[in-house]
Amino acid sequence: MKMTKIFFVMLISFVFIFCAVEYCPAHVDEGKEGGEQVYRLDKVIVRDHPLKDESMVVTPDVTVINVEKFQKAGSVQNIRDLLSEALGINVLRSSVTPSPTESIYIRGFDQSRFQVFIDGRPMRLMGRSGYIKTDWTTMPLDNIETIEIIRGSHSLLYPCSMGGTINIITKKGSKTDEIKPRGTATTEFGSYGSQSYSASIEGGLLNLIGYSFAGAHREGDGYLRNNDYNTGSFNARMTLFLPNGGTLTGGWDYIDNKTGYPVINDPSRADYDSSYPDVLEHEVDNFVHGPEGLVYPGGDSYWQKRTNEYSMLLDQPLGPGELRAQVYQHESNRDRYWLASDGTQKDNLDIEEKNRGVFLDYLDFELIKSHAFSIGGEYRTQGMPENKDFYEIMSGYFQDVWSVTSPLTLIWGVRYYEFQSDAYKAGFPGWAIFNSLSESEQKAFEYRRKENEWCPKARLDYEVDPNLTLYAAVSREMRMP
C-alpha cells in the first residue's frame, strides 16, 4: 500500500543519513562533580537517569521502579502490586483472579486513554478489536527489570499516550564470562485454593551472549462462584552483545490463561450455592463483569486466551546518539463461553488477532550545544490472519530537549499520525441485511477510512532545588481505537 511504501522509504533514508555519521563506541558519562557515573535505561525517557541501585526514582518527567530492589509490606506477585506504590496511579484490588477489566488508572484515565509497552512495543492496541485491556495478573515479575511510568501526555517518545505511559523493561541477560547462571524459584499459597509457582534463570556466555528465561503457573478457585483460574506463562530473551556497545535481543512471550466468569448466585434461585458469596442480578455492573453481561450457572462460563509475542530489538550507540530499532508480532486466540438467563449456552470461539509493527528511533544526539534531539517513526498493522491490516497506523516524531539555563529546561516537539482502517459508508443496512447481499453489493458499502493529525507538545521545567521542580506543559494527542 502507498502508506507502507512511504514509511519504508523514510526508514531506509533515516538509516542511511545517520549511518554516515562518524561511528563512536558506547561510553559511560562522567558527572561534573566527584566522577559520578550516569547510566542510561533500556528505553531512554529522561536523559542521564539517576536510577542506579535505588528501588524507585521519581522525577518531574517519569517514575522508575527497580523491580529487584523494590520492597513493600505484603506479597508482591505481579506488576499491579508494584504500580500501587507509584504516584498518580490508582489500582483496583478487587481480586487476584485474571481479568481483562479495568484495574489500573493514571490520574483517573483508564486504559483507553493511556498506553502500555513492553520494551517499547505496544501491548494494549491489538487486533481488529483495537481496545484490548491489559490483564496485569498474568504478567509475572520474574523477567522484568524496571518499570517506567510517565504521567500525562507530554512525552513524544511514545505514540497515542493521552493519559500517560507505562513501559515495562524486561531482563535481557548479562554480559559475562562466568558460566554459572543466576536462578530463582518461588512458591506461594493463599486462600480460596490459590497457588503459584515460578522460576527464572539469567546469565551469559563468553561476554558475547546473554540469556534470561522465566516460567510461571498460577491457579485458584476464586472468591466468587465459578471465578476459578489457571494461568501458565513463559518468557525468553537471548541477547547478542555487538562490538562498540550495541545489543541485538530476540524475545518470545507466551501466555495461556483460562478464567471462569463469575456467575449469578441468587438465594431466590434453585441453583443457589451457599458456599459462595451472593451475586444478585440487579447488583451486577455489566461494564466490569465482562462483554457477555450477566452470566448464569449451569453450563460453561469462561474465557481462555493463548498469546504468542515475538520481537527483535536492536540498540546501538551511533555517532552522537543512540539508534534503536524493533520489529515485533503479536498473535492471540481467544474462546468465550457463557450461559444466558434462559439457559441457552452461548459461545464466541476462535477470536484470532494479529498485530505486527516496526519502529526506529535515533535518540539524544547533540548537533547543537545544549540541545538533545530525538527523531523516530513507527508503523504497525492490527487485524486478523485473514485481514492483517484492518488497521494501519504510521507515526513519526521530532523532539528537542533544550537546556536553556542550569535550572530551566524546555522539551518541545511534534508527532504526526496517519491512521487507516476498513469501514462502511453511511447508510449501512445492518449485518443481517449486509450478509445477505451479493459480493458486489457489499463492496459498494466498503471503503478505506483515513485520518491524519499533527500533535505538538511542549513542557517547561524549572528546578528550584534538587527536591522541587516546577513545570508547565501543553500537548495535543490523538486517541487510537
Distance-only polar pair, side chains of Asn230 and Tyr302, donor-acceptor under 3.5 Å: no
With Asp273 via salt bridge (Lys or Arg N to Asp or Glu O under 4.0 Å) - residues at least two apart: none
OH-CD distance between Tyr197 and Glu188, expressed to the nearest 0.5 angstrom: 11.0 Å
Thr344 side chain to Asp342 side chain, donor-acceptor N/O pair below 3.5 angstrom: yes
side-chain hydrogen bond (donor to acceptor under 3.5 Å, both in side chains) partners for Lys457, two or more places apart: Glu477
Derivation and outcome, side-chain hydrogen bond (donor to acceptor under 3.5 Å, both in side chains), residues Asn257 and Thr231: CA-CA 4 Å; Asn257 175 69; Thr231 299; 2.2 Å; yes
Pairing residues for Leu339 by the side-chain contact (heavy atoms from CB on, under 4.5 Å) criterion, not counting sequence neighbours: Ser301, Gln345
Donor-acceptor side-chain pairing of Glu378 and Tyr158 below 3.5 angstrom: no
Between Thr469 and Asp461: side-chain donor-acceptor atoms closer than 3.5 Å: no
Contacts of Ser274 that satisfy side-chain contact (heavy atoms from CB on, under 4.5 Å) - sequence neighbours left out: Tyr272
For Gln329, side-chain contact (heavy atoms from CB on, under 4.5 Å) partners two or more places apart: Glu331, Lys354, Arg356
Pair Arg415, Ser395: side-chain N/O donor-acceptor within cut-off below 3.5 Å: yes
Salt bridge (Lys or Arg N to Asp or Glu O under 4.0 Å) involving Arg269 - partner list, sequence neighbours excluded: Asp271
Whether Trp252 and Tyr254 hold their rings parallel, tilted or perpendicular, with breakpoints at 30° and 60°: tilted
